[in-house]
Amino acid sequence: MASIQQRGGRWQIRVRHRLLPRALFLTFDSEPEARAYAEHLEALLAAGVVPTEFATAAPARQGDVLLVAVCREYGRDGPVTASDAELLPAVMALCPGVRLRQVDAAWVDALVRDLKVRRHLAPGTVRKRMELLARIVDWHLRRTGATTPNPLRQLPRGYSLPTPAEAAELARRDLEPRRDVQRDRRLLPAE
């Protein structure tokens, strides 16, 4: 992570880490001073803390990641359940080429509308996909230490049900608005 070299009469450390936007090069007058700072910086970065003098460029890199890449990392390193693993490819297909910084309220609303109208999915299916995507973004934001709010968590109650305008659009396409199928089976007295 940190390498120390003598350059001329001074000591230079080079630090590379995923939280930093690029490699850092710092120079010191003595080797013990360079080693002490390198150890201190490595400990901070290992704890997920970016020193304030380097923090200005770090959030830009975190938001510039592709949402599909975040989904892949979640599938590889995250707490994936069996049902999430089955649904992950479908969620990854929802966001090709979308960067995390592009995920805002307007993008989320457009995605929900696409799921309900163009793809004609049931409300339960819309909720499952959006909730998995929200968990993935939460996991990434928590892991990177970002403080930005997750717009997928700001959806209103009943967002997966078709609005009157969406129902009219579906009717123009000769489609019936999808509803959740509720199962209501009671045990018989003999059971």
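For Trp107 against Cys95, the heavy-atom pair with the smallest separation is CZ2-CB, 4.1 Å. The two residues Cys71 and Leu133 come nearest to each other via the heavy atoms SG-CD1, 4.3 Å. Nearest heavy atoms, Leu94 versus Leu115: CD2-CD2, 3.5 Å. Here the closest non-hydrogen pair linking Val68 and Pro96 is CG2-CA, 4.0 Å. Contact detail for Pro89 and Ala85: the closest heavy-atom pair is CD-O, 3.5 Å.
Remark: the backbone N or O of His120 is paired with a side-chain donor or acceptor of Arg178 at under 3.5 angstrom. Put simply, the side chain of Asp138 never gets that close to the backbone of Asn150: no donor and acceptor are under 3.5 Å apart. A donor-acceptor distance shorter than 3.5 angstrom exists from the side chain of Lys116 to the backbone of Leu161, with no hydrogens or angles considered.
Taken from OG in Ser160 to CG in Asp180, the straight-line distance is 6.5 Å, to the nearest 0.5 Å. Here Phe28 contributes atom CZ and Ile13 contributes atom CD1; the two are 4.5 Å apart, rounded to the nearest 0.5 Å. Separating the CG atom in Asp114 from the CG atom in Asp109 is a distance of 12.5 Å, to the nearest 0.5 Å. Note that CZ of Arg153 and CG of Leu141 are 10.5 Å apart. Values are rounded to the nearest 0.5 Å. Here Gln5 contributes atom CD and Phe25 contributes atom CZ; the two are 9.0 Å apart, rounded to the nearest 0.5 Å. Distance check: Leu111 CG to Leu152 CG gives 8.0 Å after rounding to the nearest 0.5 Å.
Listed by chain and residue number, Glu169 satisfy the side-chain hydrogen bond (donor to acceptor under 3.5 Å, both in side chains) test with Arg113 (two or more places apart in sequence, or in another chain). Partners of Pro162 under the side-chain contact (heavy atoms from CB on, under 4.5 Å) rule, at least two apart in sequence or in another chain, are Glu166, Pro177, Arg179. With sequence neighbours excluded, no residue forms a side-chain hydrogen bond (donor to acceptor under 3.5 Å, both in side chains) with Gln182. For Glu86, there are no side-chain hydrogen bond (donor to acceptor under 3.5 Å, both in side chains) partners two or more places apart in sequence or in a different chain. Remark: Arg72 engages no residue in a side-chain hydrogen bond (donor to acceptor under 3.5 Å, both in side chains) (not counting sequence neighbours).
Here the side chains of Leu45 and Val15 are in contact, with some heavy-atom distance below 4.5 Å. By the 4.5 Å heavy-atom criterion applied to side chains, Met130 and Val108 are counted as neighbours. Within the 4.5 Å cutoff, the side chain of Thr144 has no heavy atoms near those of the Val65 side chain. Looking at Asp29 and Arg10, their side chains come closer than 4.5 Å, going by heavy atoms from C-beta outward. A 4.5 Å side-chain heavy-atom check between Arg135 and Val91 finds every atom pair outside the cut-off. Residues Ile136 and Leu67 have side chains not in contact (no heavy-atom distance under 4.5 Å, counting atoms from C-beta outward).
Tyr74 and Leu66 are members of different hydrophobic clusters when ILVMFWY side chains are connected at heavy-atom separations under 4.5 Å. Leu175 and Val126 fall into different hydrophobic clusters, defined by Ile, Leu, Val, Met, Phe, Trp and Tyr side-chain heavy atoms under 4.5 Å apart, directly or through other members. Connection of Tyr159 to Val137 is established within a shared hydrophobic cluster, with ILVMFWY side chains joined at heavy-atom distances below 4.5 Å, either directly or through further cluster members. Residues Leu87 and Leu121 share a single hydrophobic cluster, defined by chaining ILVMFWY side chains whose heavy atoms lie under 4.5 Å apart. Under the 4.5 Å side-chain heavy-atom criterion for grouping Ile, Leu, Val, Met, Phe, Trp and Tyr, Val117 is not connected to Val112 through any hydrophobic cluster.
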Under 3.5 Å, sequence neighbours excluded: what are the donor-acceptor pairs made by side chains of residues 32-41?
from  : atom 1 : to    : atom 2 : distance (Å)
Arg35 : NE     : Glu31 : OE2    : 3.0
Arg35 : NH2    : Glu31 : OE2    : 2.8
Tyr37 : OH     : Glu53 : OE2    : 3.1

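The pair Arg143-Asp77 fails the salt-bridge criterion, with no side-chain N (NZ, NE, NH1 or NH2) lying under 4.0 Å from an Asp/Glu carboxylate O.
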